[in-house]
Amino acid sequence: LTPRRVEALVDATLKGDRRALARLISMVEDGGPDLARVMEAIRPHTGTSYTIGITGAPGAGKSTLTERLVGRARRDGAQVGVLAVDPSSPFSGGALLGDRVRMQAHATDDGVFIRSMATRGHLGGISMATPEAVRVLEASGKEIVLIETVGVGQAEVEIADACDATLVVVVPGWGDAVQTAKAGLMEIADVFVVNKADRPGAKDTVRELRQMLDLSGADAVPRVVETVAVEGEGIDELWEAIADHRAQQEATGALDSRRRRRIEREIAALVAERQRERVREEMPSLLADLVDDVWERKLDVYAAADRILEALQ
Ligand SMILES: Nc1nc2c(ncn2[C@@H]2O[C@H](COP(=O)(O)OP(=O)(O)OP(=O)(O)O)[C@@H](O)[C@H]2O)c(=O)[nH]1
Ligand SMILES: [Mg+2]
């Protein structure tokens, strides 16, 4: 794209043009060379939203909850962006398309923008693309950004890093609390949501979670909230728990430090990705030679890496 075209897209996005916004998010997905210019142009209009990650097992009710939270945030008059991210899949669509259909209650609301996001072309994948997409949404005036992720393990942790608050959604009978702890979810949860509380065993799950959390000895023990997302039950309590978490973060300075850490990680990741790209593009033969040397045991891998770093200077 020409610089002028990028500028026009950014201007339109700032004015609330949804198609321009969608276009910019596609650019984030693809991670093309124009992205740096986009980020520069929107910079003065960013840093203005509170981001809430919603993670948990497939089918736990994340999308249903997300839709309810959109409704709740709209009642406060906030403009809302929703990103549905599937880190395990290089494609948008599929299951996420279903989410879009489900969220059609908000389809005609200009204060809501919902988007499935894949990160097929983006260097660094999800952890790089998500904060950029959030910035684009901020530029368009979104004050609350909800990020739904599917996936287990590393992907969840990466998304937690990209959010100001992380909701971990579990359902009655979904393994036990020990399993939750093992999955690393205790560390990333700011609020635990026991959804499908209309099902048997919800109280047991809540009790087990609370016991686990008390034993964990963390200074900020996450709240545990029961919801029946399909009925809209518990949504006010959940919203309140998020607001409490936010107020606490703001009072202690934890919000700023979390955001600073995020920026630091982003910069470091960008540097690493660019270096990787330079090695691939500028010195493929040096790399091949070094592989030979290590293969023939003339060099160790650390020494080989040093050679590359020297060449990058
Ligand atoms: N009984 C009951 N069913 C629910 C509740 N919340 C959601 N569901 C149902 O659970 C199913 C999955 O809900 P989704 O919101 O799509 O769950 P999800 O976590 O987004 O699913 P994926 O994105 O596919 O991982 C749907 O059939 C919902 O209607 C609830 O509180 N109680
Ligand atoms: Mg979903």
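Note that ligands are numbered from 1 as they come in the structure, with each ligand's atoms numbered from 1 the same way. One is the number of the first residue; the rest follow in order along the sequence. As the structure is a computational prediction, the values presented were derived from the model and not from experiment.
By the neighbour-count criterion of 12 heavy atoms within 6.0 Å, atom CD of Glu296 is densely surrounded, having more than that number from other residues, nucleotides or ligands. Counting non-hydrogen atoms of other residues, nucleotides and ligands closer than 6.0 Å to CD of Glu282 gives a total above 12. Counting heavy atoms of neighbouring residues, nucleotides and ligands inside a 6.0 Å radius, atom CZ of Arg307 does not exceed 12 of them.
By the 3.5 Å distance cut-off applied to N or O atoms, Gly59 is counted among the residues near ligand 1. Checked against a 3.5 angstrom limit, the closest N/O atoms of Thr227 and ligand 1 fall outside it. Taking distance alone, with nitrogen or oxygen atoms compared against 3.5 Å, Ala60 approaches ligand 1 more closely than that limit.
Contact check on Arg18 versus Asp110 returns a salt bridge, with a Lys/Arg side-chain nitrogen under 4.0 Å from an Asp/Glu carboxylate oxygen. Ion pairing of Glu29 with Arg115 is present here, as a side-chain N (NZ or NE/NH1/NH2) and a carboxylate O approach within less than 4.0 Å.
When the heavy atoms of Glu233, Arg199, Lys196 are ranked by distance to atom 4 (C) of ligand 1, first place goes to Lys196.
Atoms of ligand 1 found under 4.0 Å from any heavy atom of Asn195 (numbered from 1 in listed order, with element): 5 (C), 6 (N), 7 (C), 31 (O). Near Pro58, meaning under 4.0 Å from one of its heavy atoms, ligand 1 places the atoms 25 (O). The contact set between ligand 1 and Val228, taken as ligand atoms under 4.0 Å from a residue heavy atom, comprises 31 (O).
Interatomic distance, CG of Leu146 versus CG of Leu69, reported as 6.0 Å (0.5 Å rounding).
For the pair Asn195 (side chain) and Val170 (backbone), a donor-acceptor distance under 3.5 Å is absent. With hydrogens and angles ignored, the 3.5 Å screen pairs a side-chain donor or acceptor of Asp190 with a backbone N or O of Thr166.
Looking at Glu148 and the Mg ion (ligand 2) together, the shortest N, O or S contact belongs to OE2.
Using a non-hydrogen distance threshold of 4.0 Å, Glu148 registers as a contact of ligand 1.
Using a 4.0 Å cut-off between heavy atoms, Asp198 contacts ligand 1 through its side chain alone, with no backbone atom that close.
Not one N/O/S atom of Thr64, from backbone or side chain, sits under 2.8 Å from the Mg ion (ligand 2).
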